[in-house]
2 protein chains.
Amino acid sequence: MAVTLKEVAERAGVSRSAVSRTFTQGASVSAKTRKKVEKAARDLGYSPSLIARSLATNRTKLIGLIANNFQNPVFLEVFDLYTRALQERNLRPLLVNLTDQTDPSASVQLLKQYSVDGVIVASSTLPPLFAHAFKEAQVPVVHAFGRFASTPDIHIVGIDNEHCGALAAETLQKHRYKRVAFLGGPQSATSAQDRGAGFTRRAKEIGLEIVSSLYADAYAYNSGQQAMRELLEDRRFEAVFCGDDLICMGAMDAARDAGLSIPQDVGFIGFNDMNMAAWQAYSLTTIRQPTSEIILSSVDLVVSMLDTPERAPEVRLFPCSVVERSTLRPV
Amino acid sequence: MAVTLKEVAERAGVSRSAVSRTFTQGASVSAKTRKKVEKAARDLGYSPSLIARSLATNRTKLIGLIANNFQNPVFLEVFDLYTRALQERNLRPLLVNLTDQTDPSASVQLLKQYSVDGVIVASSTLPPLFAHAFKEAQVPVVHAFGRFASTPDIHIVGIDNEHCGALAAETLQKHRYKRVAFLGGPQSATSAQDRGAGFTRRAKEIGLEIVSSLYADAYAYNSGQQAMRELLEDRRFEAVFCGDDLICMGAMDAARDAGLSIPQDVGFIGFNDMNMAAWQAYSLTTIRQPTSEIILSSVDLVVSMLDTPERAPEVRLFPCSVVERSTLRPV
DNA sequence: CTGTTTTTTGCAACCGGTTGCAAAATTTTC
DNA sequence: GAAAATTTTGCAACCGGTTGCAAAAAACAG
């Protein structure tokens, strides 16, 4: 069916190796044969089979991309950036959707079977153990949006969530809030834990009183909405720090539904600065997570591991910053 | 490095074919050898290389998934559903992000090189010519969310956009609107054209006056917002039909920004019924596109083509329905 | 023009599986 | 228990490329 190396070789009147060499980077072929081969290939509409090449070279140019949150639109930005960054480097993403049902070890197995060249775990909710499984299986792995550890045993690219939580506390204080609430992401997520911890610690330090504290059950709109309703039962807070923009939007809608206006009756600060945070209906003051830097950096990292797999584990942290919009009262 | 067939065979004391057979569906092996092989494989931690298998069987279990809109959160739902549906069928998505810069023929080439078993073009904006390229290259292809044609030459799964546009007109009439505006998706998209055409036709038939008509430049929030501002310069309409929910949200925010309230001053009807349409800040009345049915059906279709590639081109259309929320005045 | 060095080329083995075929082993039949 | 029918097994060729190695060709030096 498809045109093969052999046919091209015959037509060009050269050996199969000659054809192979004209199609592999940095191999030595004379200008003359290269020309002959290229003509023959063009005539026949030949393009080398990546499968066969992969088998021979033990390289697939496939990068496993593991994600487990398809509810949060941030991830669409994430996919967009990943697919583009990989495509530019002549790599392909093999997308794995890790639902709660799927057995983690199964997907390790799976990606091993496809012999992906590397894996990017793009999730702030997956436990580190997950990325480890790949390290153990000897496949280059980087955990993007993962939990920062001072003595990492795998590559981590992300932010210092603890510090960013503290930043939220400072921002609330700057806006002269005294009593606040914390509405975090799912408690099982390391990112949610760390943001909460940093927020709590710093709040204590600067005399900001946390009157309520609650973890939503997912990084999702509905979860934020529902958690906010609960929070509203005992409304002694003047502002809420939400561990995620999407949760924050749900929370804001719940607050408005209860007849509160923002920021007059209650202030909000979110986390991520997703595209939608700038929408007029929300115009969310939020902590910006440098998504695109994290993604580019994690791709670069995984690429460099292709050549030097034994690279020492590295942590790359990017700074977050406050984006002021209109959900906190003017200072 | 990785454990191979041969090593398992040696350890189990059988031939390589025996090992191969215990790992391929429907091959004949005795219970006894199967047991021996399975034990050896377990001991060694063997899992067959899909690359090698692909080379031998000429099947990769890879499905190319082509998308070109990573701005619209609907596509996150789309990716979620696709990845799950494929995973359940033991197939993997190879994601191609078709930005405006990428050369279409290059990605055809690319997917051919990876010898994907099939391709799903998931886009309502790509021209049909695109899916054709795959048909020509002899790879099973279905165009999901594609333009309906009565004499299709490739498989199409989607909706009758023309009819759905008409449905929008009827809904506006039902709510006693007389003068309306049309705010479509990008004019180059067949879906936008068809929705517009159906809307216009039906409006004329039932005596609904279309006072303005405009195409946004993308299926995106900002585009909707911007187009609405333009529309507002000459506000003779009482309601707007937006060719997409996201555009509609942008438009609503623009209207609110201009001091209008919804639905008192101006009504809105969207298209898609994406998750966010139910959000309280919008609570959008919209035409529901049966995304999940379309996706499941297109996966089934592509799967069935794997076995019978010569299947006659088929069109599968799913009905849309109106979801009433609060952006049209009560009838 | 010859001898040396460098570049190009083809051979053949290999990557890790699958599969048609015939021989061997097992089961069934009488 | 032998013959026939059926199932299981191993051999060997194949899928479509890459690559180390040695021979051949080309380039260079004197």
Side-chain angles (χ1 to χ4, degrees), chain A residues 1-38 40-41 44-62 109-117 138-139, chain B residues 1-38 40-41 44-62 90 109-117 138:
Chain A
M1 178 113 300
V3 187
T4 82
L5 195 67
K6 201 169 131 213
E7 304 172 51
V8 178
E10 277 162 13
R11 182 175 240 263
V14 297
S15 74
R16 298 180 339 148
S17 347
V19 179
S20 172
R21 286 188 179 110
T22 69
F23 283 99
T24 49
Q25 278 296 9
S28 109
V29 243
S30 69
K32 199 167 45 172
T33 44
R34 150 157 280 133
K35 191 157 271 171
K36 274 194 296 185
V37 170
E38 274 169 355
L44 262 36
Y46 168 79
S47 71
S49 152
L50 289 186
I51 301 290
R53 174 177 292 174
S54 296
L55 185 58
T57 58
N58 207 22
R59 288 291 192 92
T60 54
K61 297 201 168 257
L62 248 29
Q109 188 72 0
L110 192 145
L111 288 173
K112 244 177 65 185
Q113 287 193 158
Y114 271 103
S115 34
V116 294
D117 287 346
Q138 308 260 40
V139 4
Chain B
M1 176 114 302
V3 188
T4 80
L5 196 66
K6 201 169 130 214
E7 304 173 50
V8 178
E10 277 162 12
R11 182 176 241 265
V14 297
S15 74
R16 300 182 339 154
S17 347
V19 179
S20 172
R21 285 186 180 113
T22 71
F23 283 98
T24 49
Q25 280 294 10
S28 110
V29 244
S30 68
K32 201 166 45 172
T33 43
R34 151 158 280 135
K35 192 157 272 174
K36 275 195 295 187
V37 170
E38 274 170 353
L44 263 36
Y46 168 78
S47 71
S49 152
L50 290 184
I51 301 290
R53 175 176 292 173
S54 296
L55 184 57
T57 58
N58 206 22
R59 288 292 192 91
T60 55
K61 299 203 166 256
L62 249 29
N90 201 21
Q109 188 72 0
L110 192 144
L111 289 174
K112 242 177 65 185
Q113 286 193 156
Y114 270 102
S115 34
V116 294
D117 288 346
Q138 307 260 38

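Every heavy atom of this structure was used, including side-chain atoms; hydrogens, water molecules and symmetry mates were not. Below, chains carry the letters A, B, ... as their sequence lines are ordered, and counting in each starts from 1.
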Does OP1 or OP2 of D:dC15 have a side-chain N or O of B:Ser54 closer than 4.0 Å?
no

A:Glu7 side-chain N/O to A:Thr4 backbone N/O, donor-acceptor pair under 3.5 Å
yes

Between P on D:dC15 and CG on A:Leu50, what's the gap in Å once rounded to a whole number?
19 Å

Apply side chain to side chain contact (heavy atoms under 4.5 Å, CB included) to B:Thr60 and A:Ile51, showing your working.
CA-CA 9 Å; B:Thr60 55; A:Ile51 301 290; 3.6 Å; yes

Of all the choices, C:dT8, D:dG16, D:dG10, which nucleotide is nearest to the side chain of B:Leu55 once you look at every atom?
D:dG16

Counting primed atoms, P, OP1 and OP2 as sugar-phosphate and everything else as base, the B/S/- map of nucleotides 17-25 of chain D against protein heavy atoms under 4.0 Å is BBBBB----

Specify the closest pair of heavy atoms between B:Arg21 and B:Ala27, including all atoms of both residues, with the distance to one decimal.
O-CB, 3.6 Å

Let me know the distance between CZ of A:Arg59 and P of C:dG16, rounded to the nearest Å.
15 Å

Flag, side chain of A:Ser49 to backbone of A:Ala52, donor-acceptor distance under 3.5 Å
yes

Are the side chain of A:Ser20 and the backbone of A:Arg16 linked by a donor-acceptor contact shorter than 3.5 Å?
no

Where the side chain of B:Arg34 meets the backbone of B:Thr22, is there a donor-acceptor pair that is under 3.5 Å apart?
yes

How long is the gap from CG on B:Leu110 to OG on A:Ser47, to the nearest 0.5 Å?
9.5 Å

Near-strand residues of residues 8-15 of chain A, defined as heavy-atom separation under 4.0 angstrom from DNA chain D
none

Give me the atom names and distance for the closest heavy-atom approach of A:Val8 to A:Ala41.
CG1-N, 4.0 Å

Interface polar pairs with nucleotides 24-29 of chain C, N/O, under 3.5 angstrom:
none

Applying side chain to side chain contact (heavy atoms under 4.5 Å, CB included), run through A:Lys61 and A:Leu50 and close with a yes or a no.
CA-CA 9 Å; A:Lys61 297 201 168 257; A:Leu50 289 186; 5.8 Å; no

Minimum heavy-atom distance between A:Val37 and A:Phe23, given as atom pair plus value:
CG1-CE1, 4.1 Å

